[in-house]
Trainee: 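One structure follows; several queries about it will come next.
Just follow the structure's listing: the first ligand is 1, and inside any ligand the first atom is 1. Keep in mind the model is a prediction, meaning the values are calculated, not measured. Positions are given from 1, in the same order as the sequence printed here.
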Amino acid sequence: MPSGWPPRVLTIAGSDSGGGAGIQADLKTCQELGVFGMSAITAVTSQNSRGVHAVYPMAEEAVLSQIDAVLGDIGATAVKTGMLYSRGIVEAVAAKMDDYGVRKLVVDPVLVAKDGSPLFRRDAVNALREELLPRAMIVTPNIPEACELLGVEETAIRTVSDMMEAASQLLRYGSRYVLLKGGHLEDEGFRGLAIDVLIGGGDEAGRRPITISGPRIATRHTHGTGCSTAAAIAANLARGFEMEHAARAAKSFVAAAISRAVPLGGGIGSLWHAAHRETAHGLQ
Ligand SMILES: Nc1ncnc2c1ncn2[C@@H]1O[C@H](COP(=O)(O)OP(=O)(O)OP(=O)(O)O)[C@@H](O)[C@H]1O
Ligand SMILES: Cc1ncc(CO)c(N)n1
């Protein structure tokens with residue numbers, strides 16, 4: 001992995017024509033956090049605030065060729081994966097991570113979009129679990145994705161303590177850390193908060209889950225929160241932050257972006273990634 005300036009992140013993910021999630025969210029996040037963003041596109045989606053109209057997967061060869069072009073020349077300080085779509089793409093990406101000795105790998109196990117449209121073929125879930133998670137420094141599922149990876153009902157995670165249990169079970173698939181995002185949680189005991197659970201690092205005996213929480217912002221415009229969180233973690237790791245710091249800073253960055261989300265389109269609007277600096281400079 002290269003060192004030196006500027007820190008570089010490669011995102012291997014799908015394109016969201018609406019600009020709120022996927023590659024577009026990742027590159028906006030990298031730019032905002034002072035990191036040089038690069039991309040390998042796995043699928044083109046026709047998507048907007050109302051949902052996903054169509055998915056056009058790229059050939060495996062095209063995905064690999066983009067990764068080779070970037071990692072064989074420019075290099076990446078950290079790599080993030082999002083929508084990988086098919087088993088073939090997951091397996092091919094996993095092998096490339098070995099070829100290039102990628103250590104700071106953030107795996108966002110994107111399975112479905114906010115409107116419920118599938119962004120992953122079912123046969124890819126096993127490959128994700130078996131091939132990619134063992135190579136990941138961190139995996140960042142939301143609650144439905146965690147249930148799918150663990151092979152349990154979607155209703156299995158209902159409380160923060162369920163989240164802690166699930167996060168520690170997910171560690172068994174071999175990633176060094178798990179961040180279980182609680183955007184979808186409706187725990188009566190924690191009304192008004194958006195709580196994530198981070199676990200990992202150190203030796204097995206010393207691993208205890210910690211919560212990373214903030215006020216739950218009352219908005220429906222949350223398109224791209226998950227992608228932006230994982231991209232911000234990758235950017236922060238590329239900047240040299242250790243994991244807990246990277247995850248906490250990502251949470252604040254995304255919270256600011258949700259608080260200024262743009263209600264564009266007739267459905268779920270997208271985050272405003274510049275919000276963190278506008279807040280810092282007192283702009284409204
Ligand atoms: N209304 C909200 N207010 C504050 N933080 C939120 C809110 N909704 C989600 N978050 C935070 O945003 C991050 C992403 O969480 P979430 O569980 O929504 O991801 P996701 O479902 O993968 O997102 P998406 O699939 O839309 O990209 C987490 O840190 C979560 O705590
Ligand atoms: C391309 C793409 N990746 C990820 C998500 C998940 O938010 C989405 N909606 N679209």
Trainee: Should A21 be listed as contacting ligand 1, given a heavy-atom distance under 4.0 Å as the test?
Mentor: no

Trainee: Go through the steps for K80 and D26 under the test salt bridge (Lys or Arg N to Asp or Glu O under 4.0 Å), then give the verdict.
Mentor: CA-CA 9 Å; K80 183 227 145 176; D26 295 346; 2.9 Å; yes

Trainee: Return yes if a side-chain donor-acceptor contact under 3.5 Å exists between T45 and D16, otherwise no.
Mentor: no

Trainee: Looking only at heavy atoms, which two atoms of Y100 and D68 are closest? And how far apart?
Mentor: OH-OD1, 2.6 Å

Trainee: Taking only heavy atoms of A21 into account, list the atoms of ligand 2 that are under 4.0 Å away from them.
Mentor: 5 (C), 7 (O), 8 (C), 9 (N), 10 (N)

Trainee: Testing the 3.5 Å rule here: is there a donor-acceptor pair between the side chains of S15 and Q24?
Mentor: yes

Trainee: Where is the nearest protein heavy atom to atom 26 (O) of ligand 1: which residue, which atom, and how far?
Mentor: K114 NZ, 2.3 Å

Trainee: Can you list the atoms of ligand 2 that are under 4.0 Å from a heavy atom of A113?
Mentor: 9 (N)

Trainee: Quick one: look at T225 and ligand 1, take heavy-atom pairs under 4.0 Å, and tell me if it's side chain, backbone, both or neither.
Mentor: both

Trainee: Using a 3.5 Å cut-off on N or O atoms only, is H223 in polar contact with ligand 1?
Mentor: no

Trainee: Output the list of atoms in ligand 1 that are nearer than 4.0 Å to some heavy atom of C227, sorted by atom number.
Mentor: 27 (O)

Trainee: If you count heavy atoms of other groups shown closer than 6.0 angstrom to CZ of F36, is the number above 12?
Mentor: no

Trainee: What protein heavy atom sits nearest atom 13 (C) of ligand 1, and how far away is it?
Mentor: T229 OG1, 3.4 Å

Trainee: List ligand 2 atoms under 4.0 Å from G14, heavy atoms only on the residue side.
Mentor: 1 (C)

Trainee: Within this structure, what is the CG-CG distance for the pair L84 and L132, rounded to the nearest 0.5 Å?
Mentor: 6.5 Å

Trainee: To the nearest 0.5 Å, what is the distance between CD1 (I233) and CG (L198)?
Mentor: 8.0 Å

Trainee: Name the orientation class of the two ring planes belonging to F253 and H273 (parallel below 30°, tilted from 30 to 60°, perpendicular beyond 60°).
Mentor: tilted

Trainee: Using a strict cut-off of less than 4.0 Å between a Lys/Arg side-chain nitrogen and an Asp/Glu carboxylate oxygen, indicate whether R248 and E242 qualify as a salt bridge.
Mentor: no

Trainee: Which heavy atom of the protein is the closest neighbour of atom 10 (N) of ligand 2, given with residue, atom name and distance?
Mentor: Q47 NE2, 3.2 Å

Trainee: Specify the protein heavy atom at minimum distance from atom 5 (C) of ligand 2: its residue, its atom name, and the distance to 0.1 Å.
Mentor: L119 CD1, 3.5 Å

Trainee: Looking at non-hydrogen atoms alone, which of G82, A255, P215, G192 comes nearest to atom 4 (C) of ligand 1?
Mentor: P215

Trainee: Report the nearest protein non-hydrogen atom to atom 15 (O) of ligand 1: residue, atom name, distance rounded to 0.1 Å.
Mentor: K181 CB, 3.7 Å

Trainee: Near G224, which atoms of ligand 1 are under 4.0 Å from a heavy atom of that residue?
Mentor: 26 (O), 27 (O)

Trainee: Answer side chain, backbone, both or neither: which part of I217 comes under 4.0 Å from ligand 1, heavy atoms only.
Mentor: both

Trainee: To check your reading of the model: name the closest protein heavy atom to atom 29 (O) of ligand 1, its residue, and the distance in Å.
Mentor: D196 OD2, 2.5 Å

Trainee: Considering non-hydrogen atoms of the protein only, which is the closest contact for atom 27 (O) of ligand 1, and what is the distance?
Mentor: G226 N, 2.8 Å

Trainee: Please round to the nearest 0.5 Å and tell me the distance separating atom SG of C30 and atom CZ of R8.
Mentor: 12.5 Å

Trainee: Just jot down the ligand 1 atoms closer than 4.0 angstrom to any heavy atom of T222, in number order.
Mentor: 26 (O)

Trainee: Examine the proximity of ligand 2 to C227 and report which part, side chain or backbone, both or neither, has a heavy atom under 4.0 Å away.
Mentor: side chain

Trainee: Atom CG in L170, atom CG in L133: separation rounded to 0.5 Å?
Mentor: 8.0 Å

Trainee: Please work out whether any backbone atom (N, CA, C, O) or any side-chain heavy atom from C-beta onward of K251 is under 4.0 Å from ligand 1, and answer side chain, backbone, both or neither.
Mentor: side chain

Trainee: V139 versus R176: any side-chain heavy-atom pair under 4.5 Å?
Mentor: no

Trainee: Hey, is D98 close enough to R135 for a salt bridge, meaning N to O under 4.0 Å?
Mentor: yes

Trainee: Just checking, any donor-acceptor pair under 3.5 angstrom between side chains of Q47 and H53?
Mentor: no

Trainee: So if I count the atoms of ligand 2 from 1 in the order they appear, which ones are less than 4.0 Å from some heavy atom of V110?
Mentor: 4 (C)

Trainee: Could you say whether the N/O atoms of H184 and ligand 1 ever approach to under 3.5 Å?
Mentor: yes

Trainee: For E145 and ligand 1, does the shortest N/O to N/O distance drop below 3.5 Å?
Mentor: no

Trainee: Have a look at N142, D108, L111, I258 and point out the one with the heavy atom closest to atom 10 (N) of ligand 1.
Mentor: I258

Trainee: For ligand 1 and G183, I'd like to know whether there is a polar contact (N/O to N/O, distance under 3.5 Å).
Mentor: yes

Trainee: Evaluate the criterion salt bridge (Lys or Arg N to Asp or Glu O under 4.0 Å) for residue pair K28 and E32; output intermediate values, then yes/no.
Mentor: CA-CA 6 Å; K28 289 175 191 181; E32 288 296 332; over 6 Å; no

